[in-house]
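Index from 1, following the sequence. It should be emphasised that the depicted structure is a prediction, and the values quoted were computed from it without experimental measurement.
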Amino acid sequence: MHYDAVFLDFEGTLAFMAPPHAQIYVDACAACGVAITRQDLRRVIDEGWRQFETPYGVRHEAYSATPELARELRRLVHAERLRALGMDAATAALAAAAVAEEEVRPAYYRWYPDALPTLAELARRGLRLCVVSNHMWELPEIIAALGCNGLDLPAVTSARAGCRKPFPDIYHQALDLLDVEPERTLFVGDHVVNDVEAPRRLGMDAVLIDRRGRRRTSYPTLRRLDQLPALLDGAAAPSAGGSG
């Protein structure tokens with residue numbers, strides 16, 4: 001299959017945070033005199049979005065008109081998670097504000113070593129690229145700060161789209177942005193539902209990237225992003241347990 005475009009998730013696919021995002025919570029809570037662990041946070045990670053859930057996924061259009069509203073949404077989500085851990089409302093709001101301020105700093109983000117070389121190869125082949133991510137309003141600025149080596153790498157981020165994957169609108173916005181058809185688009189990401197199943201429902205092809213080799217699915221799966229060009233050339237996709 002010849003594609004016109006490749007859509008890619010951001011964190012876990014192209015980039016990672018160092019230290020992890022959960023550590024920002026730990027540090028913000030510690031500054032407020034409350035001790036939590038990363039494991040604590042994992043238990044309540046979905047609580048922040050529960051009030052915005054719909055049958056199709058999370059939708060939050062009322063908070064997506066401006067950067068200020070998007071930041072307020074982040075504070076609400078962070079505070080809800082911390083309240084679910086038993087923190088009082090005032091302290092949760094204080095810590096949440098600190099997390100929202102800190103998490104947008106580009107210094108926390110790193111490209112995976114195979115990200116830019118693979119993107120460059122895809123661009124060399126004439127493929128149009130777009131990041132489609134459940135991420136903050138500032139993601140385009142974070143990408144620019146990381147540097148793209150001259151690549152054209154637009155981003156459709158949930159904070160600006162008004163919804164989070166797997167809500168269909170975010171994918172449609174990316175398709176409209178690049179003016180491409182879903183049947184001519186490949187989606188690559190590390191989340192089975194958001195990056196494989198939802199794009200496939202909309203007519204796209206999709207490939208899962210499983211950098212740790214922990215998933216077992218029937219979907220085409222790569223261990224490294226730099227395996228993608230060979231897959232496009234017609235090589236069979238390795239399984240999640242394939243060579244790293």
Side-chain angles (χ1 to χ4, degrees), residues 1-16 57 64 106 109-211 219-235 237:
M1 174 68 183
H2 176 74
Y3 302 107
D4 295 326
V6 178
F7 293 168
L8 303 106
D9 180 51
F10 186 64
E11 283 187 55
T13 301
L14 292 171
F16 61 97
S64 298
Y109 297 87
R110 306 282 189 276
W111 294 120
Y112 284 109
D114 58 3
L116 290 182
T118 302
L119 293 176
E121 172 59 20
L122 297 177
R124 187 192 68 78
R125 296 173 178 225
L127 290 161
R128 302 182 67 188
L129 307 173
C130 186
V131 173
V132 185
S133 177
N134 286 345
H135 217 281
M136 295 166 286
W137 184 282
E138 295 84 358
L139 180 58
E141 289 75 24
I142 291 170
I143 291 173
L146 289 177
C148 299
N149 292 345
L151 292 170
D152 182 19
L153 191 61
V156 174
T157 176
S158 58
R160 301 189 189 209
C163 57
R164 292 171 63 82
K165 298 181 294 185
F167 200 97
D169 282 9
I170 189 170
Y171 308 99
H172 288 303
Q173 289 186 36
L175 291 166
D176 291 343
L177 178 66
L178 265 60
D179 191 22
V180 293
E181 298 298 324
E183 295 80 10
R184 305 280 290 181
T185 303
L186 177 67
F187 204 106
V188 182
D190 68 313
H191 193 285
V192 172
V193 174
N194 295 346
D195 302 326
V196 179
E197 294 178 353
R200 284 167 61 96
R201 284 196 294 269
L202 296 177
M204 291 180 251
D205 282 343
V207 174
L208 181 72
I209 183 163
D210 180 15
R211 291 184 177 276
Y219 300 118
T221 304
L222 306 176
R223 285 291 302 276
R224 302 187 314 271
L225 196 60
D226 57 8
Q227 294 173 313
L228 183 58
L231 179 63
L232 296 177
D233 287 338

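- Although no hydrogens or angles enter the test, the distance criterion places no donor-acceptor pair under 3.5 Å between the side chain of Arg160 and the main chain of Ser64.
- For the atom pair Leu129 CG and Leu153 CG, the distance stands at 6.0 Å (nearest 0.5 Å).
- Across every non-hydrogen atom of Asp169 and Cys163, the tightest pair is CB-SG, 3.6 Å.
- A donor-acceptor pair under 3.5 Å links the side-chain atoms of Ser158 to the main chain of His135, judged by distance alone.
- Side chain of Asn134 to main chain of Lys165: a donor-acceptor pair is present (N/O by atom type, distance under 3.5 Å, no hydrogens or angles).
- More than 12 heavy-atom neighbours from other residues, nucleotides or ligands sit within 6.0 angstrom of CD on Glu141.
- For the pair Asp4/Leu178, no side-chain contact is recorded, criterion being any heavy-atom separation below 4.5 Å from C-beta on.
- Within 6.0 Å of atom CG in Asp179, 12 or fewer heavy atoms from other residues, nucleotides or ligands are found, so the atom counts as exposed in its surroundings.
- No donor-acceptor pair closer than 3.5 Å links the side chain of Gln227 to the backbone N or O of Leu222.
- Taking the side chain as every heavy atom from C-beta outward, Glu138 and Thr157 never approach each other to under 4.5 Å.
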Evaluation steps, side chain to side chain contact (heavy atoms under 4.5 Å, CB included), between Asp9 and Asn194: CA-CA 9 Å; Asp9 180 51; Asn194 295 346; over 6 Å; no
Asp190 vs Asp195, side chain to side chain contact (heavy atoms under 4.5 Å, CB included): CA-CA, chis, key distance, verdict: CA-CA 7 Å; Asp190 68 313; Asp195 302 326; 3.7 Å; yes
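- Heavy atoms only, all atoms of each residue included: Leu175 and Met204 are closest at CD1-CE, 4.4 Å.
- Residues Tyr219 and Glu197 meet the side-chain proximity criterion, which asks for heavy atoms closer than 4.5 Å.
- Within the 4.5 Å cutoff, the side chain of Tyr3 has heavy atoms near those of the Asp205 side chain.
- Smallest separation of non-hydrogen atoms from Leu202 and Pro168: CD1-O, 4.2 Å.
- Counting heavy atoms from C-beta outward, Arg211 and Phe16 have side chains that stay 4.5 Å or more apart.
- Classification of the Phe187-Tyr171 ring pair by plane angle, with boundaries at 30° and 60°, yields perpendicular.
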